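Structure record follows, encoded as structure tokens.
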Amino acid sequence: MADAAVVVRDLWKKYGDVEAVRGLSFDIPVGECFGLLGPNGAGKTTTIEILEGLNPPTSGDVTVLGRRWGRDDRDIRERLGVCLQQTVLSPKLEVHETLELFRSFYREGRAPADVMTEVGLTEKAQARVATLSGGQQQRLAVACALVGDPELLFLDEPTTGLDPQSRRGVWEVVNRFKERRRTVLLTTHYMDEAERLCDRLAIVDHGRVIAQGTPRELITSLGGDHVVEISVAESDKPRPAAADLQTIPSVRSVHVQAGHFVLTVAEPHVAIPGALERLRAGGWELAGLTTRHASLEDVFVSLTGRQLRDE
């Protein structure tokens with residue numbers, strides 16, 4: 001892609017007999033927020049470390065901002081911003097001192113005061129890092145990644161452990177960064193975060209891309225926009241099998257999750273009466289029924305048969 005910020009082709013990373021990354025390929029156009037989704041151990045962090053130049057690949061081709069590690073290292077680093085899962089900052093430095101330190105690493109960049117304003121830390125400029133809350137420390141970590149005025153921003157699970165308000169604060173910073181036609185590579189296992197921020201994403205499992213597209217495209221691939229969850233009352237009668245519900249009109253797929261049935265359906269007003277009739281005819285008593293819109297979590301379960309956060 002001529003206008004790609006990142007190009008990855010057949011990327012592999014092996015640690016002895018362990019294959020952490022197994023043939024990943026994807027492109028990230030300039031100005032896009034691209035998400036890597038998957039459970040812990042899927043290979044997301046290893047992939048990001050390779051793109052950041054921190055970890056050499058076993059094989060494959062990686063281009064970052066039209067340049068390659070091992071040949072254009074200083075040039076690439078001047079254009080990157082990196083926010084790791086855990087950023088350890090000096091606890092005795094003040095917020096403004098921390099940002100001035102990180103700004104000094106770049107030949108060009110932004111004024112620390114402007115970045116503090118952007119992430120909502122102006123009132124904490126004279127505060128020591130040790131006195132900041134968890135959410136404030138994470139916003140400071142994002143600010144450190146922004147102060148060099150990067151063209152490409154790496155965010156590796158930036159909101160893990162944050163409260164809802166702090167998470168939304170980080171989301172706002174990412175959206176403002178995108179408005180400047182800058183590029184973001186985000187790893188996360190929060191589905192609402194991926195749906196809110198990502199223009200496109202790849203679902204990664206066991207080091208491979210198992211699905212790729214926009215959030216809407218991936219959800220549509222389920223064959224239905226709605227999910228009906230049904231639980232059956234305990235009784236001496238054997239529980240119904242997924243196959244007993246699979247043939248109900250408008251039902252596209254069925255799987256069992258946490259003891260209840262999850263049905264992906266195209267038309268809830270058709271599927272729900274059919275499901276109730278099937279349960280009645282089989283002599284099963286309904287214990288609970290809920291409906292909701294399909295999500296990226298449903299896509300992952302449909303593809304892998306397990307929850308996104310399963311180890």
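It should be emphasised that the depicted structure is a prediction, and the values quoted were computed from it without experimental measurement.
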Treating Ile, Leu, Val, Met, Phe, Trp and Tyr as nodes and any side-chain heavy-atom pair under 4.5 angstrom as an edge, say whether [X] and [Y] lie in one connected cluster.
X	Y	result
V82	L186	no
L140	F102	yes
L197	L185	no

Expected output: side-chain [X] to main-chain [Y] donor-acceptor under 3.5 Å:
X	Y	value
S166	L162	no
T47	G43	yes
T63	G66	no
N175	E172	no
K178	C198	no

So [Y] and [X], do their side chains get closer than 4.5 Å, heavy atoms only?
X	Y	answer
P112	H96	no
E157	Y190	no
V184	F34	no
Q165	R168	no
V8	F26	yes
P29	D3	no
L218	P215	no
W69	L51	no

### Message
Checking S295 against E195: is there a side-chain donor and acceptor pair closer than 3.5 Å?
### Response
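No, no side-chain donor-acceptor contact under 3.5 Å.
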Under-4.0 Å salt bridge between [X] and [Y]:
X	Y	answer
E19	R22	yes
D27	R200	no
R196	E193	no
E94	K124	no
E118	R110	yes

### Message
For E277, is the CD atom crowded, meaning more than 12 foreign heavy atoms sit under 6.0 Å from it?
### Response
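Atom CD in E277 is packed in, count exceeds 12.
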[atom1]/[X] to [atom2]/[Y] distance, rounded to the nearest 0.5 angstrom?
X	Y	atom1	atom2	answer
D72	R77	CG	CZ	11.0 Å
E217	L201	CD	CG	9.5 Å
S133	R139	OG	CZ	6.5 Å
L121	L132	CG	CG	7.0 Å
R239	S231	CZ	OG	8.5 Å

### Query
So T159 and Q138, side chain to side chain contact (heavy atoms under 4.5 Å, CB included) or not? Walk me through it.
CA-CA 8 Å; T159 64; Q138 188 61 15; over 6 Å; no
### Task
Before giving the answer on side chain to side chain contact (heavy atoms under 4.5 Å, CB included), spell out for V173 and F177 the whole-Å C-alpha distance, their side-chain angles and the decisive distance to 0.1 Å.
CA-CA 6 Å; V173 171; F177 185 78; 5.6 Å; no
### Query
Using links of under 4.5 Å between side-chain heavy atoms of ILVMFWY residues, direct or through other members, which residues join I248 in one cluster?
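When side chains under 4.5 Å apart are linked, the cluster holding I248 also contains V228, I230, V232, L245, V251, V254, V256, F261, L263, V265, I272, L276, L279, W284, L286, L289.
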### Task
Run the numbers on V62 and V7 for side chain to side chain contact (heavy atoms under 4.5 Å, CB included), then give the verdict.
CA-CA 6 Å; V62 172; V7 178; over 6 Å; no
### Message
If you apply the rule side chain to side chain contact (heavy atoms under 4.5 Å, CB included), what do you find for K13 with I50, and how did you get there?
### Response
CA-CA 9 Å; K13 180 63 182 181; I50 292 171; 4.0 Å; yes
### Task
Can you sort out the partners of D10 under salt bridge (charged side-chain N to carboxylate O under 4.0 Å, His left out), two or more places apart, ordered by chain and number?
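Applying salt bridge (charged side-chain N to carboxylate O under 4.0 Å, His left out) to D10 gives none.
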### Task
Run through I219, L222, D225, V301 and flag the one making a side chain to side chain contact (heavy atoms under 4.5 Å, CB included) with T264.
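The passing option is L222.
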Extract all donor-acceptor atom pairs below 3.5 Å that involve side chains of residues 141-156 and protein atoms in other chains or at least two apart in sequence.
from : atom 1 : to   : atom 2 : distance (Å)
D149 : OD1    : R180 : NH2    : 2.5
D149 : OD1    : R182 : NH1    : 3.2
E151 : OE2    : R79  : NE     : 3.1
D156 : OD1    : T187 : OG1    : 2.4
D156 : OD2    : T45  : OG1    : 3.2

